[in-house]
Amino acid sequence: DAGVIQSPRHEVTEMGQEVTLRCKPISGHNSLFWYRQTMMRGLELLIYFNNNVPIDDSGMPEDRFSAKMPNASFSTLKIQPSEPRDSAVYFCASSLTGTGREKLFFGSGTQLSVL
Amino acid sequence: AQSVTQPDIHITVSEGASLELRCNYSYGATPYLFWYVQSPGQGLQLLLKYFSGDTLVQGIKGFEAEFKRSQSSFNLRKPSVHWSDAAEYFCAVYGNKLVFGAGTILRVKS
């Protein structure tokens, strides 16, 4: 298996632009997680899906952030409009059942820079 | 709510020396505990986990961790560090959600 695949690896954009991050989880995994990593705040859970349904989005910072999972093999995290403080590494992870007690498989992340 | 503290931001050890990375958690019941490792430019990889049973758990790459309920700790150890172990290490606790510590950056000097 290729693992969790994220694209793009790097994204540089200007403030106010829309940014879309993409994730393909491991085939057969039922749960998908979006994390954000910054020096100041560490690794934060933004949202997670179970069977394509958003279960907990309490970590989504504000309405500018939205996430979708239209099917079991694809998810997007969108920021509109983007701001410099959104600069971070965004990770997608998947797991078999999403109980939170099991192993998470992480993608390599998307490094987002908002100028 | 659960929380996890990794007191050391940076640790430097010599290659071949032993290693201990500290992790303290807060949770009302017995939590599920994890150690993940992150190499530069990569996502996190699970090293080991503790759910119940034997308090000393073995993981990949020669790592082990010991759960001590009385100290609310789950420290990660390795008897002999290799240069390839240089990375950032995250302790995580699951109570009702998975929470990661701030991480400890390990530097290995030759």
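Keep in mind that what you see is a predicted model, and the values were worked out from it rather than measured. Every chain is numbered from 1 and lettered A, B, ... according to where its sequence line falls, protein lines coming before strand lines.
Note that OH of A:Y35 and CG of B:L98 are 4.5 Å apart. Values are rounded to the nearest 0.5 Å. Remark: A:Q37 CD to B:F100 CZ distance equals 9.5 Å, nearest 0.5 Å.
When heavy atoms are compared at a cutoff of 4.5 Å, A:R41 does not approach chain B at all.
In this structure, B:V108 is a member of the same hydrophobic cluster as B:L21, with clusters built from ILVMFWY side-chain heavy atoms closer than 4.5 Å. Hydrophobic clustering, with ILVMFWY side chains joined whenever heavy atoms are under 4.5 angstrom apart, groups A:I47 together with A:Y90. Tracing side-chain contacts under 4.5 Å through hydrophobic residues (I, L, V, M, F, W, Y), one reaches B:F90 starting from A:Y48; they form part of the same cluster. Residue A:F33 is not grouped with residue B:V99 when hydrophobic side chains (ILVMFWY) are merged at heavy-atom distances under 4.5 angstrom, including chains of intermediate members. A:M60 and A:V114 fall within the same hydrophobic cluster, where Ile, Leu, Val, Met, Phe, Trp and Tyr residues are linked whenever their side-chain heavy atoms come under 4.5 Å apart, directly or through other members.
Around CD of A:E62, the count of heavy atoms belonging to other residues, nucleotides or ligands within 6.0 Å exceeds 12. For CG of A:D63, the number of neighbouring non-hydrogen atoms (other residues, nucleotides, ligands) closer than 6.0 Å is 12 at most.
Proximity to chain A at a heavy-atom threshold of 4.5 Å picks out B:Y36, B:Q38, B:G41, B:Q42, B:G43, B:L44, B:L46, B:F51 from residues 35-74 of chain B, in numerical order. By a heavy-atom distance cut of under 4.5 Å, not one residue of residues 8-18 of chain B is near chain A.
For the set A:G107, A:A93, A:C92, A:S108, the count of heavy-atom pairs under 4.5 angstrom toward chain B peaks at A:S108. Comparing A:K103, A:Q111, A:E44 by heavy-atom pairs within less than 4.5 Å of chain B, the highest count is held by A:K103.
Residue A:L115 is found in a hydrophobic cluster whose other members, listed by chain and number, are A:V12; membership requires side-chain heavy atoms under 4.5 Å apart, directly or through intermediates.
Among residues at least two apart or in separate chains, disulfide (SG to SG under 2.5 Å) pairs with a member in residues 21-110 of chain B are B:C23-B:C91.
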